Protein chains: 2
Amino acid sequence: MAVTRRTSRDIRSESRLDVMHALLSAGAASRGELARATGLSTATVATVVSDLLSGGIVTEAGLTNGRVGRPTTTLRLNGDRGRIVGIDVAETYIRAVVFDAALDELASAEVAVDEHHGEADYVVARLARALEDALERAGAARDDVLGVGVSLPGGTQRPAEVSVVVPNAAWRHLDRLRERIGLPVVVDNPLKAIATAELWSGEGRRHSSMITLNLGTGVGAGIVLEGAILRGARNFAGEWGHSLLALDGRRCRCGRAGCVEAYVGAAGIQRTLAGIAPEHPLASEPMQREFIGALASALARPSPDPAVTETLERTARYLGAAIADLVAIVDPEMITLTGWTVWALGDHLVPAVRRRVVEEAPGDAAAELAIEVSTVRGNPVATGIATIALERFLGDMGLLTSRVPTAL
Amino acid sequence: MAVTRRTSRDIRSESRLDVMHALLSAGAASRGELARATGLSTATVATVVSDLLSGGIVTEAGLTNGRVGRPTTTLRLNGDRGRIVGIDVAETYIRAVVFDAALDELASAEVAVDEHHGEADYVVARLARALEDALERAGAARDDVLGVGVSLPGGTQRPAEVSVVVPNAAWRHLDRLRERIGLPVVVDNPLKAIATAELWSGEGRRHSSMITLNLGTGVGAGIVLEGAILRGARNFAGEWGHSLLALDGRRCRCGRAGCVEAYVGAAGIQRTLAGIAPEHPLASEPMQREFIGALASALARPSPDPAVTETLERTARYLGAAIADLVAIVDPEMITLTGWTVWALGDHLVPAVRRRVVEEAPGDAAAELAIEVSTVRGNPVATGIATIALERFLGDMGLLTSRVPTAL
DNA sequence: AACCATTTATCTATGGGTTAGATTTAATGT
DNA sequence: ACATTAAATCTAACCCATAGATAAATGGTT
């Protein structure tokens with residue numbers, strides 16, 4: 001596949017996206033403010049806004065009188081345009097979140113999933129249940145739904161549809177999923193979702209390059225370059241969790257040895273602790289999220305358990321080295337961190353990781369690198385996959401061209 | 001730094017580049033052929049060609065009569081437009097290559113450099129010597145030179161200018177270099193150079209993503225995405241040689257432990273052999289290029305030395321694992337290999353590496369990945385850095401806009 | 001020798017994009 | 001009432017690409 005050609009239509013498409021992003025992050029803005037925020041001329045903003053107004057994507061939300069002069073009409077994304085659902089299918093739970101068309105969260109629902117019970121029909125049924133619960137709580141009718149985004153772990157790609165790093169039979173049968181949902185569905189993987197969330201609701205558009213790391217059961221990277229998500233030739237880019245940290249190191253659940261995930265995934269952190277203090281009570285905690293939570297509380301105590309402190313130190317070192325590899329290869333302007341490990345351990349982990357990255361990165365590459373906890377609120381996977389569904393919808397409306405490279 | 005805005009001028013700039021690339025790879029072509037090759041309309045090609053004709057970049061090289069009909073005017077890049085010099089500054093030598101404006105090689109000169117004699121004045125003097133020798137051999141006057149490209153190892157970046165992975169005092173003083181040469185100079189690092197060469201003279205433009213690996217004393221990756229070189233926030237992207245292969249592994253000359261370069265750089269391969277057979281005569285060969293050459297001859301024998309075979313196997317494994325990391329993170333459509341290690345060992349190494357990458361890459365990510373020896377002839381670093389100088393010249397002429405993001 | 005068919009290159013009209021600057025609109029202040 | 005001010009829109013100019021008409025140049029045909 002050769003390089004894609006850009007046409008002047010794509011420029012308009014990008015201008016529309018820029019205006020929508022500016023509006024999303026500002027909440028409400030006048031045309032003039034949008035022009036200043038996007039760098040476009042007021043004339044262009046006016047025509048773009050009129051496109052979006054006639055598509056019902058934005059609304060005029062009243063006039064505000066300034067000191068003197070013509071009053072400014074305030075613009076907002078039109079939440080009432082419809083509903084978008086984002087569904088985060090994780091290893092142990094499925095969470096469905098309903099958003100309005102301005103990407104404000106309305107309601108959510110979560111169902112537990114038995115990790116060892118992975119048949120397609122079972123998972124699809126649980127997913128449908130989460131979707132219906134969430135819609136009911138949001139008071140949304142099926143007709144209101146503009147699109148449903150589903151994030152599945154593992155690489156999603158055409159034509160094989162889903163190629164899994166961690167095998168799970170359910171994802172080979174997307175047709176059943178579509179049939180059962182009966183609404184416009186887009187499927188992608190969590191890394192592309194968090195990157196999209198960062199691009200619309202976070203830092204992605206303020207920097208020419210950014211990587212967002214998802215740390216939980218699995219770990220991975222969402223890579224954003226020049227305002228676009230790096231998907232790679234097979235939509236596989238960002239599987240940093242399965243890049244090598246240690247040759248012939250710990251066995252990873254993907255089958256390979258020495259993957260980053262085997263060290264800084266939640267189970268990997270537990271293994272680190274078990275290596276330091278095999279008899280430690282936390283080392284045998286069966287639930288990953290409980291384990292991470294307990295680790296956080298242990299660290300918060302006045303004089304923490306040395307084994308716990310050492311676990312954090314080593315994890316910071318592993319993570320620092322793995323992030324340094326990303327710096328060496330991609331050299332991003334900033335890195336954001338997300339995922340439930342970060343929500344729980346961030347206060348202790350992030351400062352240590354910052355120090356480690358500077359040490360481990362080649363030369364002074366990381367000297368000016370910003371490493372921050374993501375500013376995206378809520379579940380970024382659900383937010384991101386819903387955003388991808390919204391992008392797909394906008395593309396179907398003819399408002400977007402090039403920027404809808406969703407996987408499926 | 002935010003995302004850069006694209007304007008319609010950039011589209012024309014890309015069209016001009018596309019036409020020039022098509023012309024470079026075809027050697028000679030009619031306007032119609034260029035239209036077919038680029039996917040542009042004949043009208044656009046005609047206007048672009050007339051721009052390039054009036055800039056003297058292309059020439060009409062005679063008419064050819066077909067069977068019937070109006071004869072086709074053949075177009076070529078105008079080599080007589082001037083001369084471009086590419087200078088590859090390596091650890092042990094400096095090579096200057098003179099090209100005509102159609103990027104055909106005219107002459108070259110090489111001077112040896114004492115690795116331990118790294119003062120700025122010394123290196124600059126050697127470089128100037130190589131440049132003058134090459135110009136003389138090419139019969140080129142200084143006035144003919146449109147630009148000089150200098151490739152320096154290590155990251156080159158603003159504002160610190162050159163930030164070295166492997167320290168060398170000389171590169172802190174680019175002003176002296178510029179003063180001594182007295183011609184338009186661009187400086188960049190070898191990874192960006194090989195990527196540029198791949199983009200103009202190789203496979204880069206036929207694929208939406210491509211990585212070219214340089215294997216020699218140092219190792220690194222040139223990353224090409226959507227027809228553009230990935231430079232990163234500090235022009236540091238592609239320093240894959242200093243990403244981690246083995247935590248706490250072999251000490252690397254960059255100071256870190258376990259870098260890819262410490263395993264698959266020429267010195268690393270020798271260390272692998274020394275680990276297998278400490279008394280092996282090749283293990284104490286003092287010159288790296290001699291060592292690699294001797295390894296290649298040993299492998300070509302009917303029944304090769306088992307230590308040598310084992311060295312190749314392990315190197316393939318290291319390289320396969322390191323490439324698998326690139327696949328996991330970037331997921332390119334193809335990978336090309338270059339550098340003198342590849343020229344010498346490619347026949348034995350590449351097939352083994354291909355197998356290893358498929359095994360080591362997560363899931364079936366590498367199943368369709370093409371791994372080939374680069375088709376760029378000659379010294380790709382010199383070719384690439386000369387091409388960057390040509391791009392800079394075209395930019396100064398007003399023929400190119402966005403695509404001249406050279407470092408210095 | 002005049003004319004037709006054929007192939008290549010250019011010209012023209014159309015449509016999409018952006019923008020600076022003029023103009024209109026709608027408030028406040030005197 | 002009228003000037004002032006600020007926001008939004010309109011207008012004209014200038015980019016870009018393309019389809020389709022037109023012109024150019026030749027070999028073959030009558």
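Chain letters run A, B, ... following the sequence lines, proteins first and then strands; every chain starts at 1. Since we're looking at a predicted model, the values are computed, not measured.
Taking side-chain N and O atoms only, B/Thr7 has no distance below 4.0 Å to OP1 or OP2 of C/dT18. The side chain of B/Ser15 contributes an N or O atom lying less than 4.0 Å from OP1 or OP2 of D/dA17. An OP1 or OP2 oxygen of C/dT18 is reached within less than 4.0 angstrom by a side-chain nitrogen or oxygen of A/Arg12. Checking the phosphate oxygens (OP1, OP2) of C/dG15, no side-chain nitrogen or oxygen of A/Arg9 falls inside 4.0 Å. Under 4.0 angstrom from either OP1 or OP2 of D/dT18 there lies at least one side-chain N or O belonging to B/Ser41.
As rounded to whole Å, 11 Å separates atom P of C/dT19 from atom CG of A/Asp18. The nearest whole Å value for the distance from the CZ atom in A/Arg31 to the P atom in D/dT9 is 4 Å. A/Leu75 places its CG atom 7 Å from the P atom of D/dA8, with the value rounded to the nearest Å.
For B/Thr42, the side-chain atoms get nearest to C/dT10 when compared with the rest of C/dT10, D/dA8, D/dA25. In this structure, of D/dT18, C/dA27, D/dT9, it is D/dT9 that holds the atom nearest to the side chain of A/Ala46. For A/Ile11, the listed nucleotide lying nearest its side chain is C/dT18; candidates were D/dC15, D/dA17, C/dT18.
Using a 4.5 Å heavy-atom threshold, the side chains of B/Glu203 and B/Glu198 count as touching. When side chains are defined from C-beta on, A/Thr383 counts as touching A/Phe99, because their heavy atoms get closer than 4.5 Å.
Residue B/Thr73 is classed as a sugar-phosphate contact, given heavy-atom separations below 4.0 Å to backbone atoms only. Heavy atoms of B/Thr47 sit nowhere under 4.0 angstrom from any nucleic acid atom.
A residue-by-residue look at B/Arg16 and A/Glu60 shows that A/Glu60 has its nearest nucleotide of DNA chain D further toward the 5' end.
Residues B/Arg234 and A/Asp331 are paired through a salt bridge, judged by an N-O separation under 4.0 Å between the basic side chain and the carboxylate.
Closest approach of A/Ala197 to A/Pro380, counting heavy atoms only: CB-O, 3.6 Å.
Judged purely by distance below 3.5 Å, without hydrogens or angles, the side chains of B/Thr73 and B/Arg31 pair a donor atom with an acceptor atom.
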